[in-house]
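In this chain, numbering begins with 1 at the start of the sequence shown.
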Amino acid sequence: MAHAQLPAGRLHGYGVRWDSDARCYRVRNEITGEWLHTSPGELASFSSFCAAFSAWRGFEVHPRLGE
């Protein structure tokens with residue numbers, strides 16, 4: 001997508017979201033609402049949840065329980 005925003009109803013989950021149209025996981029910073037990009041205008045996509053979750057942990061930096 002050329003624009004950084006995605007329709008809210010398209011993605012499900014928190015932080016790591018499944019994009020059913022693109023058939024991949026997307027990563028969103030829930031604090032700022034920003035989507036993770038690989039380059040300007042290109043949303044990052046992940047084929048596995050584990051890879052997306054690892055990217056999300058580095059992208060959304062805030063204190064977590066036990067850290």
Side-chain angles (χ1 to χ4, degrees):
M1 290 184 94
H3 195 270
Q5 297 301 315
L6 291 173
R10 237 179 76 186
L11 299 177
H12 307 284
Y14 180 82
V16 174
R17 297 176 181 217
W18 176 251
D19 184 341
S20 56
D21 291 345
R23 298 182 53 86
C24 65
Y25 292 97
R26 305 285 188 190
V27 174
R28 182 174 184 225
N29 183 320
E30 295 298 326
I31 296 170
T32 66
E34 178 185 6
W35 292 94
L36 181 62
H37 289 81
T38 55
S39 62
E42 185 176 331
L43 290 170
S45 62
F46 300 89
S47 58
S48 78
F49 178 84
C50 290
F53 184 74
S54 293
W56 173 76
R57 286 186 58 97
F59 183 57
E60 182 173 316
V61 179
H62 59 83
R64 292 180 181 85
L65 188 61
E67 291 184 351

Q: Verify, without hydrogens or angle tests, whether E30 (side chain) and G15 (backbone) share a donor-acceptor contact under 3.5 angstrom.
A: yes

Q. Which pair of heavy atoms, one from V27 and one from A52, lies closest together, and at what distance?
A. CG2-O, 3.5 Å

Q: Assess the pair W56 and F59: is the distance between their ring centroids shorter than 6.0 Å?
A: no

Q | Results of side-chain contact (heavy atoms from CB on, under 4.5 Å) for T38 - residues two or more places apart only | A | E42, A44

Q: Kindly indicate whether the side chain of R23, heavy atoms from C-beta on, has any atom under 4.5 Å from the side chain of W18.
A: yes

**Q.** Interatomic distance, Y25 atom OH to S45 atom OG [nearest 0.5 angstrom]
**A.** 12.5 Å

Q. Minimum heavy-atom separation for D19 to R26, with atom names?
A. OD2-NE, 3.1 Å

Q: Taking side-chain contact (heavy atoms from CB on, under 4.5 Å) as the test, write out the residues that go with S54, two or more places apart.
A: none

